[in-house]
Amino acid sequence: MNIIESSFYEMLQAQAVRNPDAEAVIMGDRKLTYGEFLYRIDGVASALLDIGLKKGDKVGLWSVASPAWLYAYFGIIRAGGIALLLNANMALKDAKPLIEFADTRFLMFGKTHDYEGHNTDAVAISESLGIDKEHCLSILDEEFADITLAEAETSGCQSREDAYIIYTSGTTAFPKAVINSQFSLINLSDHVFSELAPILGNRALIGVPFFHVYALMGAWIYLAHGGTVVIPSTIKADLIADLVEKESISDIWTVAVIYQAIIDNELLAEKVAPNARFCAVAGSYTSPVQFMRFEASLRNSTFINMYGMTETSAAYVLTRPGDDISIRYNTVGRPVNGTEAAVWDDERGILPPEEVGEIITRGYHLKNSYYKLDPERQAVDKDGWLHSGDLGVFDKNGNLKIVGRIKDLIIKGGENIAPAEIEAQIMSHPSISSCRVFGYKDRIYGENIGACITLAPGSDFDEDSIRKYVKEKVGSYKSPVYYFVFDKFPLNSNGKIDQRNLHIEMLRRLHRLLIENKLEKGIPIITMSVKNSVFNITPVASMFEECATNLGFSRKKALKIRQAVEELLVLRIIESAEDIGDIGISLRYMRDFLRITVTDLGDDNCNKQNEQQKIALAILLKLVDDYDMSRLDDGQYQVMIDFTYDKDLDITGFLMQHERIE
């Protein structure tokens, strides 16, 4: 196995000497040759050393992708600093705790997506983050021309030392700060390059933010071998398709949702198909059917599945160009040279093929550490295995299939159900474009299954057809109870499906649906028994008025409800016949109206009413929006009065705020 001990700078310098005028980086009309690129790396290193950078100091890098981002990254490491790669989508308030946690002393900043919250003035940045103003450098000044390091005499960051920090995308706790080295990324990229060399071209579009390890690997593979990296100004399908056509891009590195958007638009697909030869997919699950659709639409391309994580420097498992098509569609392939992967069970240890367990890995590609975490929290066991938290299974030929996340398992009636299995079958339906499956709380089974889907272009949602199809594929027990159709799924800053927010939105929709189903029958709010006495009229009517007010009825409508209840009780209470029994009265929320019901054993009001009761009935009919009286099977009379909700009153929304989903 070939091991490289050189640094980023040494390898880029070799390329600049070999081909100084070759294009290194392109973004729009901005093009840098290898000679110019190296010059600016030295400029960044010089600028940082001039303002007091010491070896090992943390330097935040906070900007959208650009040529300046790349040479700032290499320049920080060249100067001996540790680059803290910050999410360009974060607001200032979100970036501040991450910057503080990493003990960041310097900041290189540019444009971010949060233009309102992120002022690109060094003074404002300094005051907001508590970093010395002199230590805040803008990368918008792309020249860094005042270079005092003609030959750049600095020890820099050695290959195996801490080089850069990326925060993992934690959702329920403070994210972990992963420290990686040049050594791990350089060697992993070199071995990935060796596997993919037969189909790789010389010009690659990197359609992933650079604060993601996948983008770092993609860019480095080409820079290390004298290729050209093309950076889109924004990661959108139409822009990427235009760039592929304009710049004659042969290789594309982006995520599944971008490929899906391209093939969903025939005009975009026709721009990409003639040029693209290699397409890398990583960062999110891609179903076999989705993969086949990609290759069928982009007919000249070979798609390669990859798997990795921030802690492994990038993808260390991948399919090979020569693999059978079924392997490339159904698995993420095999580990690259020098890395190991296995499937683990806490009780049985390493599992044999065809058994599902936690994916573990070890080798040169692993992180140096989690910053500020104790040894027992480093996720690496005594034998050097990193525990990923992902579920997978190896086939008999050593190909890995991702099943899901341990924490994503749905436990229905005591049975473990992997969402990825169901997702793959749902996405094999011709009308489904993409799918994510989640669990929700269920009274009977503990958890049950819901599916979020987007439809293929031109397709309609035929729920009965989809239910029947999925039931035949996975069986009744694993079939989703509910399907929720989305125009598109929310994406996170890395261009991947934002599973956390998608899950939350599914639960909100489920909550609304369950409430609406209950409203069809009516949700009982008050059910009480009232003595047949005139003394009860005022307090009962006041109670119903207060309930209507709290619900959101206008003051005028609430008073009308109070008066109607008073007249209804006058109508039903017969002072001279208290022995006929108590009066039952209830209030229900219905979908479109509030319903108040009174039941008693009184006589038919229309035939045997005194003058006061006749007046009460006349008043009542003017107050209500609907009125009905009937005799029930048990002989009781039932009177129902309905009041439509005010136009600005959303009863479902009100109940969602006041009821927890079950």
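Throughout, numbering of the chain's residues begins at 1 and tracks the sequence. Note that the structure is predicted; figures quoted are calculated from it, not measured.
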### Message
Pair Tyr259, Thr254 - check side-chain contact (heavy atoms from CB on, under 4.5 Å), show working.
### Response
CA-CA 8 Å; Tyr259 292 121; Thr254 192; 3.4 Å; yes
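- A salt bridge does not link Glu311 with Lys367: none of the charged nitrogens is closer than 4.0 Å to a carboxylate oxygen.
- Contact record, Thr319 with Leu196: O-CD2, 4.3 Å, taken as the closest heavy-atom pair.
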### Task
Please step through side-chain contact (heavy atoms from CB on, under 4.5 Å) for the pair Ile258 and Ile252, ending with a clear verdict.
CA-CA 11 Å; Ile258 296 297; Ile252 304 174; over 6 Å; no
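- Arg334 contributes no side-chain N or O that, together with a main-chain N or O of Arg320, makes up a donor-acceptor pair within less than 3.5 Å.
- A donor-acceptor pair under 3.5 Å is absent between the side-chain atoms of Arg328 and the main chain of Ser326, judged by distance alone.
- Of the possible donor and acceptor atoms, none in the side chain of Asn397 sits under 3.5 Å from a partner among the backbone N and O of Asn399.
- Within 6.0 Å of the NZ atom in Lys372, the count of heavy atoms belonging to other residues, nucleotides or ligands exceeds 12.
- In this structure, Asp251 contributes its side chain and Gly201 its backbone to a donor-acceptor pair below 3.5 Å.
- Between Phe8 atom CZ and Leu216 atom CG the span is 7.5 Å, to the nearest 0.5 Å.
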Only pairs under 3.5 Å count here: list side-chain donor-acceptor contacts from residues 235-248, not counting sequence neighbours, and write none if there are none.
unit_1: Asp242; atom_1: OD1; unit_2: Lys271; atom_2: NZ; d: 2.5
unit_1: Glu247; atom_1: OE1; unit_2: Arg203; atom_2: NH2; d: 3.0

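- Within the model, atoms OH of Tyr167 and CG of Leu98 stand 5.0 Å from one another, a figure rounded to the nearest 0.5 Å.
- A side-chain donor-acceptor contact under 3.5 Å links Gln260 and Ser433.
- The side-chain contact (heavy atoms from CB on, under 4.5 Å) with Phe210 is formed by just one residue from the set Leu85, Val64, Leu61, Ile231; it is Ile231.
- No side-chain N or O of Tyr371 forms a donor-acceptor pair with one of Asp162 less than 3.5 Å apart.
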#### Entry: Evaluation steps, side-chain contact (heavy atoms from CB on, under 4.5 Å), between Asp190 and His225
CA-CA 9 Å; Asp190 186 63; His225 295 89; 4.0 Å; yes
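- With salt bridges taken as basic N to acidic carboxylate O contacts below 4.0 Å, none links Arg78 and Glu10.
- Remark: the backbone N or O of Gly81 is not paired with any side-chain donor or acceptor of Asp57 at under 3.5 angstrom.
- Rounded to the nearest 0.5 angstrom, Asn180 CG and Ile82 CD1 are separated by 11.5 Å.
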### Message
If you apply the rule side chain to side chain donor-acceptor pair (under 3.5 Å), what do you find for Tyr329 with Glu295, and how did you get there?
### Response
CA-CA 10 Å; Tyr329 290 165; Glu295 283 203 347; 3.1 Å; yes
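- Side-chain N or O atoms of Trp62 include none that pairs as donor or acceptor with a backbone N or O of Met108 at under 3.5 Å.
- Ring orientation note: the planes of Tyr73 and Trp69 are close to parallel, at an angle under 30° on the 30°/60° scale.
- No donor-acceptor pair closer than 3.5 Å links the side chain of Thr104 to the backbone N or O of Phe106.
- The aromatic rings of Trp253 and Tyr222 stand perpendicular to each other, their planes meeting at an angle above 60°, with 30° marking the opposite boundary.
- Side-chain atoms of Thr454 come within 3.5 Å of backbone atoms of Ser434 as a donor-acceptor pair (strictly under, hydrogens ignored).
- Checked for salt-bridge contact, Arg160 and Glu5 meet the test: a charged N lies under 4.0 Å from a carboxylate O.
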### Task
Test ring-ring contact (aromatic ring centres under 6.0 Å, His included) on Phe193 and Trp220 and set out the steps.
CA-CA 10 Å; Phe193 173 81; Trp220 182 250; over 10 Å; no
